[in-house]
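Sequence positions, counted from 1, serve as the residue numbers for this chain. Heavy-atom basis, side chains included; hydrogens, waters and symmetry copies ignored. All figures in this text were calculated on a predicted structure; none of them were measured in a lab.
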Amino acid sequence: NGWPLTHYTFLGGTGNDEITAMTYGSNRVVMTGNTTSVDFPMGGYASQTAITGETDVFVAYYDVNESGIDCLTFSTYFGGPLTENAQAVAIDAQGRAIIAGYTNSGELTGLNTSIALQQSNRGGLDGFIVRFDPSQQPDSVVNFVTFLGGTSTDLITGVSVDAAGKIYVTGTTMSWDFPIAGAAYQPGMNSYGELFVTKLDPDATAFDVLLYSTYFGGSDLDSAQASVIDAQGRLWITGYTASQDLPVTFGAPQLSNTGGFDAFLVRLDPSKSGAGFVSYCTYLGGSKTDVAYGLALD
């Protein structure tokens with residue numbers, strides 16, 4: 001009989017609406033994506049009820065045990081005056097949604113310039129991270145917003161949150177001045193496009209938000225596409241690479257890049273320095289192009 005279809009719905013307005021990431025938490029499906037609709041459905045204590053740019057992000061909490069419009073327990077726009085692109089979503093222990101992606105806007109709704117780690121966009125495309133608490137009143141729903149990036153292109157494509165509420169983001173940067181902090185495993189770029197790993201404390205302020213940040217990669221393009229954190233606080237990342245010199249670990253099933261682009265899987269531990277930072281690294285692919293887009297732990 002397979003898996004029977006138990007629920008189905010459309011979600012969107014009269015413009016273009018795209019879901020780019022989803023997860024499950026607090027007994028609800030939590031979705032994020034991008035919309036050009038001026039009439040995207042709002043729900044609960046929406047923190048931004050109107051679209052503010054060419055494309056805005058949306059975040060929606062959806063309860064399949066309800067019916068009709070009651071399924072949409074929370075929904076809001078989020079963005080700035082230009083274009084935002086949501087790429088990843090995670091849920092913390094309090095049921096708050098953390099959304100990450102990238103933007104070319106110079107300002108973002110709800111960003112408090114006195115406490116944000118990075119107050120403005122430093123390059124054409126910078127990453128952004130925002131945390132939503134649907135249980136709060138509209139003016140308190142957004143309780144953490146920051147840009148993250150250098151003076152070139154920075155794309156956040158993965159976000160995870162640990163049991164203590166610390167946020168981990170990963171993605172791809174072309175910035176030689178990407179923010180670095182802590183005992184960084186790789187303090188400088190090795191190529192024109194490098195993977196990065198950053199750990200943030202969303203309950204701190206200004207520079208205290210940045211707990212750890214490092215480049216990671218080989219001598220060619222390395223692009224992270226998804227990440228997840230395990231019970232030991234280690235960050236698993238997958239994506240694709242053109243590099244031939246990733247720090248492959250002993251016993252890895254594939255020791256080298258066998259095509260122009262191969263997928264990779266790494267496990268990194270920001271609590272450790274030096275070689276201990278990389279506890280697992282392998283290539284995965286064949287003789288042509290192989291790209292990994294998703295990752296989950298059982």
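L268 has its side chain out of reach of T214: every pair of non-hydrogen atoms, C-beta onward, lies at least 4.5 Å apart. Between T76 and T49, the closest side-chain pair of non-hydrogen atoms is not below 4.5 Å. The shortest distance between side-chain heavy atoms of P41 and L11 falls below 4.5 Å. Contact of the D262 side chain with the Q254 side chain is registered, since non-hydrogen atoms from C-beta on lie closer than 4.5 Å. Residues T73 and R28 meet the side-chain proximity criterion, which asks for heavy atoms closer than 4.5 Å. In this structure the side chain of L235 reaches within 4.5 angstrom of the side chain of S160, judged on heavy atoms. You'll find the side chain of D222 reaches within 4.5 Å of the side chain of S243, heavy atoms only. With contacts defined as side-chain heavy-atom distances shorter than 4.5 Å, the pair I99/F78 does not qualify.
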Does N34 form a side chain to side chain contact (heavy atoms under 4.5 Å, CB included) with V57? I'd like the steps, not just the answer.
CA-CA 4 Å; N34 312 306; V57 165; 4.0 Å; yes

Pair V89, T23 - check side chain to side chain contact (heavy atoms under 4.5 Å, CB included), show working.
CA-CA 7 Å; V89 58; T23 188; 4.0 Å; yes

Report the C-alpha separation of D126 and R122 in whole Å, then their side-chain angles, then the decisive distance to 0.1 Å, and conclude whether the salt bridge (Lys or Arg N to Asp or Glu O under 4.0 Å) test is met.
CA-CA 7 Å; D126 261 12; R122 298 176 60 203; 5.9 Å; no

Are T282 and T249 close enough, and set up right, to give a side chain to side chain contact (heavy atoms under 4.5 Å, CB included), and what steps lead you there?
CA-CA 7 Å; T282 186; T249 50; over 6 Å; no

Verdict with supporting geometry, Q119 and E107, side chain to side chain contact (heavy atoms under 4.5 Å, CB included)
CA-CA 8 Å; Q119 302 172 7; E107 57 189 64; over 6 Å; no

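Residues F144 and F147 do not share a hydrophobic cluster, clusters being chains of Ile/Leu/Val/Met/Phe/Trp/Tyr side chains in contact below 4.5 Å. One hydrophobic cluster, built from ILVMFWY side chains closer than 4.5 Å, holds both L210 and F196. V159 and L211 are members of different hydrophobic clusters when ILVMFWY side chains are connected at heavy-atom separations under 4.5 Å. Cluster annotation: Y168 is not connected to I98 through the hydrophobic network of ILVMFWY side chains, with a link wherever side-chain heavy atoms come within less than 4.5 Å.
For R131 and D203, the salt-bridge test passes: some basic side-chain N is under 4.0 Å from an acidic carboxylate O. Using a cut-off of 4.0 Å between Lys/Arg side-chain N and Asp/Glu carboxylate O, D230 and R234 are scored as salt-bridged.
T109 and Q48 share a donor-acceptor pair across their side chains, judged by distance under 3.5 Å alone. Counting only N and O atoms by type, the side chains of T151 and S175 include no donor and acceptor under 3.5 Å apart. Under 3.5 Å, the side chains of T35 and D17 contain a donor-acceptor pair of N or O atoms. Between the side chains of E84 and S105, at least one donor N or O sits under 3.5 Å from an acceptor N or O.
If you take CZ on F178 and OG1 on T172, they are separated by 10.0 Å, rounding to the nearest 0.5 Å.
Taking the six-membered ring where the residue is Trp, the centroids of F58 and Y77 are separated by 6.0 Å or more.
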